[in-house]
2 protein chains.
Amino acid sequence: MDKQTITIYDVAREADVSMATVSRVVNGNANVKPATRKKVLDVIEKLDYRPNAVARGLASKKTTTVGVIVPDVTNMYFSSLARGIDDVATMYKYNIILTNSDSNSEKEIKVLNTLLSKQVDGIVFMGNEITDKLREEFKRTKTPIVLAGSVDEQNLKPSVNIDYVAAVQEEVKNLIDRGNKRVAFVCGPLEQAINGKFRLEGYKKALKSAGIPYDDKLVFETDDTYKTGTLLQLALMSVNATAAMVTDDELAAGIMNGMSDAGVKVPDKFEIITSNDTKLTEMVRPKMSSITQPLYDIGAVAMRLLTKLMNNEDVNEKNVLLPYGLMKRESTK
Amino acid sequence: MDKQTITIYDVAREADVSMATVSRVVNGNANVKPATRKKVLDVIEKLDYRPNAVARGLASKKTTTVGVIVPDVTNMYFSSLARGIDDVATMYKYNIILTNSDSNSEKEIKVLNTLLSKQVDGIVFMGNEITDKLREEFKRTKTPIVLAGSVDEQNLKPSVNIDYVAAVQEEVKNLIDRGNKRVAFVCGPLEQAINGKFRLEGYKKALKSAGIPYDDKLVFETDDTYKTGTLLQLALMSVNATAAMVTDDELAAGIMNGMSDAGVKVPDKFEIITSNDTKLTEMVRPKMSSITQPLYDIGAVAMRLLTKLMNNEDVNEKNVLLPYGLMKRESTK
DNA sequence: GATTTATTTGAAAACGTTTTCAGTTTGCCG
DNA sequence: CGGCAAACTGAAAACGTTTTCAAATAAATC
């Protein structure tokens with residue numbers, strides 16, 4: 001139907017050189033006489049030749065494409081990471097194939113495999129529950145994989161994160177120090193190591209060093225959505241919580257609005273700290289105090305790490321922890 | 001280094017059939033005897049064979065990958081569209097290469113070309129300023145392109161949108177009917193046809209039919225960011241505006257918070273209507289009234305349209321307008 | 001059972017590059 | 001100039017599929 005496309009062969013013929021030479025000039029190989037280079041370049045220009053990346057990928061076994069698996073791009077936390085990833089990806093001449101997994105283990109495995117069949121040069125994975133099956137799939141491939149903003153308790157793969165334990169511990173300590181005896185811990189699925197293992201541990205540690213007994217009535221496991229947050233006000237009140245450490249910004253916004261709508265003043269009657277410092281924290285009233293994470297940077301560093309892995313450079317630190325901070329805004333006293 | 005990969009040839013040998021036959025069973029071609037099919041399938045299973053999509057792409061000239069060009073995934077408006085796109089893409093067995101353009105025409109052209117060189121089967125483009133140069137690039141390729149949530153005044157390419165003129169006109173009319181004599185129009189870059197041509201036209205029409213003269217002091221051209229919104233309060237007050245029609249949710253949130261922070265009660269002293277109905281409208285207090293757009297659907301329909309184009313099916317309506325709505329929340333009286 | 005027709009199969013040529021290896025030129029030196 | 005190294009260049013073999021076309025086999029018809 002369309003035999004319009006110009007191939008390297010056409011260029012070679014027209015420039016009266018071999019395909020090899022054309023390939024060399026296209027790839028910036030030094031071993032080509034300036035005169036021939038120019039000749040070829042002119043023909044390329046004239047014919048409007050564009051290399052076919054698929055053929056190139058087949059021949060060179062490099063696609064300059066990396067896969068990105070994300071629970072949901074619609075979530076600001078992940079879109080921020082994704083943006084950081086894409087920026088350094090393009091900086092290194094890669095493109096990203098973006099896939100949404102909905103945190104569904106089956107889908108994760110499925111897209112992982114289609115990404116591999118598409119011969120991506122590497123993968124950055126986001127998603128906090130690394131199931132055994134997924135880990136098996138990870139092991140099956142030699143394609144480099146790095147986790148971004150996602151922890152695997154077994155540290156099978158390189159990763160970029162912050163120190164969730166310390167961050168939560170510090171914030172909960174602050175809450176306690178300000179006089180809150182009953183601090184709730186509102187989180188996403190505890191199955192996810194980031195919640196059930198790390199953040200919860202920080203929470204417990206803070207309680208312990210303050211001599212407060214752990215009460216699992218104060219732990220609320222949710223699905224991480226705004227909507228759910230809005231419905232939590234009553235439950236939180238009924239256990240006499242006066243503050244909450246929340247693991248997701250949208251969830252936290254929901255809780256806060258639920259409180260406000262029910263007439264519970266934030267922060268006077270109820271303090272809230274959230275975890276991701278997305279721009280949502282600033283848009284909401286009162287503005288939410290938050291653990292600050294360099295979201296964009298986590299993505300960017302993860303991608304940078306991946307480029308090294310893809311290049312077979314050796315990396316000294318496989319599990320990077322980026323610095324976190326604590327941003328006091330208006331949802332805490 | 002790694003000669004681990006199983007090819008179709010290995011399967012053929014092991015199953016004692018030809019590569020053609022293996023290819024047929026992999027592709028679900030009907031013309032293969034059940035017995036051989038099973039034999040091949042067993043070998044595939046045993047060898048853990050996975051087709052190489054790159055080779056497949058070269059041979060078949062189909063990559064089952066589409067390019068998505070978006071100003072910024074971090075913007076909820078676009079991430080919602082992107083999600084719709086990805087969902088129907090995977091439904092039709094495509095993957096998406098996602099690229100951020102920052103609405104920068106040069107970058108748009110650049111990524112467009114790298115997407116084409118990667119032989120994507122189609123492209124969905126988001127970004128509201130279609131420059132002549134970009135249009136030229138669009139014309140250069142036979143790869144189908146559709147615009148999602150993005151208008152081109154010249155209607156060069158198929159697109160999926162809502163009727164921005166009518167939507168804005170209707171909302172501004174409501175504002176006027178409620179007694180607002182001075183309604184501001186706060187928008188992103190007027191160069192973008194969606195603002196400078198369509199929405200502005202709706203605004204003007206509404207004024208006209210209410211017999212109110214158009215006053216360009218009431219038109220505020222911005223960069224569409226939250227931050228800018230927060231800084232607009234004074235300017236809006238100084239032109240005695242009592243309401244604003246805003247073209248972006250984050251921008252609107254900024255304006256509203258700017259107002260609230262300055263002690264101007266919304267909606268009592270100032271009414272605000274926004275345009276994109278992202279989930280932000282619900283998270284902010286007061287909740288923002290908005291034109292509702294089926295964001296996810298716009299993406300989904302655009303992608304569906306693209307599949308048809310890629311399939312050479314003919315489509316009856318090239319420029320789809322999806323229904324919009326008006327959602328009254330708390331930022332209007 | 002001989003034909004005819006339909007169903008399955010395989011050989012080999014694409015697809016558009018990169019890359020290896022051997023050959024040609026060129027430049028330099030004595 | 002002759003000889004040798006260095007700089008360029010080209011032929012052809014990959015890369016791992018799909019696809020075409022003809023051949024082989026099986027099924028159906030009379």
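Note that these values count all heavy atoms, side chains included, but never hydrogens, waters or copies made by symmetry. In what follows, chains carry the letters A, B, and so on, assigned in the order in which the sequence lines appear, proteins first and then strands, with residues in each chain numbered from 1.
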R37(B) near the nucleic acid: base, sugar-phosphate alone, or nothing, with a heavy-atom cut-off under 4.0 Å?
-> nothing

What nucleic acid atoms does V17(A) come within less than 4.0 Å of, heavy atoms only: base, sugar-phosphate, or nothing?
-> sugar-phosphate

Regarding the side chain of L58(A), the nearest nucleotide among dC15(D), dT17(D), dT9(D) is dC15(D)

Report yes or no: is there a donor-acceptor pair, N or O only, under 3.5 Å between the side chain of R24(B) and the base of dG10(C)?
-> yes

Under 4.0 angstrom, heavy atoms only, what part of the nucleic acid is T21(B) near: base, sugar-phosphate, or nothing?
-> sugar-phosphate

Is K61(A) near enough to dA14(D) that one of its side-chain N or O atoms lies under 4.0 angstrom from OP1 or OP2?
-> no

Output yes when at least one side-chain N/O atom of N27(B) is less than 4.0 Å from OP1 or OP2 of dT18(D), else no.
-> yes

Please check if any side-chain donor atom of S159(B) sits under 3.5 Å from a side-chain acceptor atom of N319(B), or the reverse.
-> yes

Touch class at under 4.0 angstrom, heavy-atom based, for N52(B) against every strand present | sugar-phosphate

Just compare dT19(C), dT9(C), dT17(D) and give me whichever is closest to any side-chain atom of S23(A).
-> dT19(C)

For K39(B), look at atom NZ and say whether over 12 heavy atoms of other residues, nucleotides or ligands are found less than 6.0 Å away.
-> yes

Report which part of the nucleic acid S60(B) touches: base, sugar-phosphate, or nothing (heavy-atom distance under 4.0 Å, all strands).
-> sugar-phosphate

Spacing of D16(B) atom CG relative to dG10(C) atom P, expressed in whole Å = 8 Å

